[in-house]
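Computed from a predicted structure; not experimentally measured. Numbered from 1 within each chain, the chains take letters A, B, ... in sequence-line order.
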2 protein chains.
Amino acid sequence: MDLQRIKYFLALSEQLHYWKTAEKVNITQSALSRQIQSLEHELGLQLFERNKRNVKLTPAGKFLKEKWELELNEIEYIHQFAKQLHLGERGTITIAHPDSISASLMPDLLAKITAAFPQLQIKLVQVLYENQLEFLKNYKIDLAITRDINREPGIRSKTIHSDHLALVVPLDHPFKGFGDLSTESLKQQKFILPTKDEGSSYSEIIQALFKSYEFVPDVFLHSEFGSTIIALVRKGLGIAILPDSYMHHQSPGLRFIPLPFKTDLLINWRADDHNPVLANILKLVFEN
Amino acid sequence: MDLQRIKYFLALSEQLHYWKTAEKVNITQSALSRQIQSLEHELGLQLFERNKRNVKLTPAGKFLKEKWELELNEIEYIHQFAKQLHLGERGTITIAHPDSISASLMPDLLAKITAAFPQLQIKLVQVLYENQLEFLKNYKIDLAITRDINREPGIRSKTIHSDHLALVVPLDHPFKGFGDLSTESLKQQKFILPTKDEGSSYSEIIQALFKSYEFVPDVFLHSEFGSTIIALVRKGLGIAILPDSYMHHQSPGLRFIPLPFKTDLLINWRADDHNPVLANILKLVFEN
DNA sequence: ATTTATTAATGTGTATTTTGCATTAATGGA
DNA sequence: TCCATTAATGCAAAATACACATTAATAAAT
């Protein structure tokens with residue numbers, strides 16, 4: 001059952017004239033005649049009542065004309081949709097990203113994506129640092145934006161941004177600028193820091209920072225969630241070290257003091273992920 | 001776009017293995033490989049991600065697998081339905097019949113039809129005698145059961161039954177049997193008769209009846225509807241002449257006196273009506 | 001590291017199907 | 001009765017699909 005045959009049938013069912021129809025669909029009358037015959041034979045029923053002079057739909061033919069028209073439309077739509085999936089213009093992608101960039105990079109990126117591919121479905125999720133690679137490998141997420149360098153085989157990774165680290169203090173705090181920082185003055189402070197994670201490159205940078213001042217900080221509380229940390233600092237419960245992306249969040253009552261340490265933001269994906277949606281998004285991310 | 005190709009695709013999308021699938025669908029692996037390739041080419045997209053070792057659906061392929069399965073089911077159902085239309089096992093037929101047989105022949109006929117073709121849709125309509133042929137020719141009805149012989153070209157006709165005419169009188173009427181009828185006694189009666197129609201063979205029979213008694217009846221009322229006539233007779237407003245099929249109606253308070261005149265019941269249809277439903281019904285009507 | 005088994009793709013000749021051209025046969029109208 | 005129209009058909013050519021054998025890539029085994 002060739003769909004082309006059905007198209008010929010539909011054309012003939014409109015014209016009810018072999019010669020005119022044949023011309024319209026660019027085949028000879030003989031070919032059309034045989035196409036209809038084989039269609040009838042294949043279905044085991046008669047589509048047209050015809051003699052050498054007139055062509056007329058049978059009740060079954062009339063029924064099939066109506067139904068097939070609907071089906072062909074449906075199928076055409078399906079094929080178009082599939083084509084969009086193929087081109088990565090439609091489909092779903094799940095992205096995990098850290099809280100730090102939800103007010104800076106993410107809005108920009110999402111705006112870019114929706115402008116270029118309005119039909120795309122994007123799912124944003126927050127995943128604990130320690131789970132990101134596992135989720136990526138288990139197809140729970142397709143893209144992981146993180147501050148950790150990964151060395152997993154099968155995961156590809158690329159830096160998309162660099163942030164300075166900043167010391168975050170309440171507005172009424174004695175630290176006004178980088179000059180106020182010293183081993184002595186820092187030793188007095190209570191710190192709110194991210195959860196320490198063995199082998200996490202982000203914690204290593206923070207460790208390195210304290211090492212440069214040669215002391216071990218008094219860590220009053222660990223939290224992985226930047227917004228929690230910021231709220232605690234604002235209440236005067238301690239001071240924190242965060243990527244300066246957080247300056248883009250509307251956070252009154254806080255002062256950010258830039259530090260000479262940088263943290264990279266990386267984007268990770270499965271090396272064997274051939275979803276065209278991913279390719280399109282990576283292209284967008286890297287194109288400028 | 002050959003539906004067979006889509007079936008091959010669906011088989012492969014289940015097995016994800018060319019050799020096994022090829023065996024299952026009874027072609028060689030080479031043929032299957034090319035079928036899938038040409039399908040991909042035709043659609044302009046990739047259905048499977050494959051290397052020499054593994055076969056896996058792409059997102060577009062996964063989508064098409066789901067959709068095509070539904071569409072193929074739909075199409076198969078449509079074809080089955082069309083086949084039934086072709087065989088006359090499904091479809092609609094509109095039948096006009098006189099009131100006189102609605103309690104005798106019609107129930108029998110309808111029972112027969114629904115037993116043989118349970119999927120058939122039957123529309124019963126009451127049409128005035130004078131309109132029957134016109135409605136038949138204009139495709140408003142497909143079968144006309146009537147007591148009138150027609151001589152229209154293009155309309156085929158066959159007798160299916162013969163009724164005696166009967167004189168219908170109230171139970172308390174002095175006429176008890178055929179012996180009570182005479183020109184004198186009949187002259188005293190008021191008659192309720194069918195609408196007189198020039199050239200109608202049924203009225204001609206009734207005319208012939210009165211001619212045999214050599215008088216012109218005192219016709220108090222004309223009606224074409226048997227049930228109306230019966231109601232009037234029961235109320236004692238007059239007596240009537242009807243086909244004795246009416247004896248099958250539950251009509252207490254009436255006496256039917258058979259007369260030695262017969263009226264034929266004919267079934268009429270368009271000679272050029274090739275609706276298979278019609279053929280099946282005619283076969284049923286004439287088969288015994 | 002090398003070998004082996006597996007398996008999708010492909011080159012090639014053959015078989016099948018479809019097509020176009022020319023012709024035929026049926027039919028309605030002049 | 002003849003003519004014009006038009007769907008069907010015989011036939012050869014073209015296009016397409018197929019099977020067989022082979023190739024090439026790769027995962028598993030040694």
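- The side-chain heavy atoms of B/F48 and B/L16, taken from C-beta on, include a pair separated by under 4.5 Å.
- If you take CG of B/D2 and P of C/dT17, they are 12 Å apart, rounded to a whole angstrom.
- A/N275 places none of its side-chain heavy atoms less than 4.5 Å from the side chain of A/D142.
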Grab the N/O contacts between the protein and nucleotides 18-21 of chain D below 3.5 Å, and write none if there aren't any.
{"residue": "D/dC18", "atom": "OP2", "partner": "B/Q35", "partner atom": "NE2", "Å": "2.6"}
{"residue": "D/dA19", "atom": "OP2", "partner": "B/T28", "partner atom": "N", "Å": "3.1"}
{"residue": "D/dA19", "atom": "OP2", "partner": "B/T28", "partner atom": "OG1", "Å": "2.8"}
{"residue": "D/dA19", "atom": "N7", "partner": "B/S30", "partner atom": "OG", "Å": "3.2"}
{"residue": "D/dA19", "atom": "N6", "partner": "B/R34", "partner atom": "NH2", "Å": "3.1"}
{"residue": "D/dC20", "atom": "N4", "partner": "B/S30", "partner atom": "OG", "Å": "3.0"}

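- Rounded to an integer number of Å, the gap from NE2 of A/H41 to P of C/dT18 is 12 Å.
- The side chain to side chain donor-acceptor pair (under 3.5 Å) test with B/Q35 singles out one residue from B/E40, B/R5, B/K7, and that residue is B/R5.
- Atom pair B/M1:CE and D/dA17:P shows a separation of 13 Å (rounding to whole Å applied).
- Comparing A/S38 and B/Q37 by the nucleotide of DNA chain C that holds the closest heavy atom to each, the one mapping nearer the 5' end is B/Q37.
- Across the protein-nucleic acid pair, B/H17 atom NE2 and C/dA8 atom C1' stand 10 Å apart, rounded to whole Å.
- Atoms CG and CG, on A/L136 and A/N131 in that order, are 12.0 Å from each other to the nearest 0.5 Å.
- The CD1-C1' distance, from B/I36 to C/dA8, rounds to 12 Å in whole Å.
- Taking the six-membered ring for Trp and thresholds of 30 and 60 degrees, B/F9 and B/W68 have ring planes more than 60 degrees apart, a perpendicular arrangement.
- In this structure, B/T58 OG1 and B/K56 NZ are separated by 9.5 Å, a value rounded to the nearest 0.5 Å.
- Summarising the geometry, the separation between CG on B/D272 and P on C/dG28 is reported as 12 Å, rounded to the nearest angstrom.
- At a non-hydrogen distance threshold of 4.0 Å, A/K52, A/R53 from residues 45-66 of chain A come into contact with DNA chain C.
- The salt bridge (Lys or Arg N to Asp or Glu O under 4.0 Å) check on B/E23 picks up nothing, with sequence neighbours excluded.
- Between the side chains of A/S33 and A/Q29, not a single donor N or O lies within less than 3.5 Å of an accepting N or O.
- Residues B/S203 and B/Q207 bring no donor and acceptor atom of their side chains to less than 3.5 Å of each other.
- Regarding A/E23, its CD atom lies at a distance of 16 Å from the C1' atom of C/dC21, rounded to whole Å.
- Taking atom CG of residue A/L39 and atom P of nucleotide D/dA8, one finds them 13 Å apart after rounding to whole Å.
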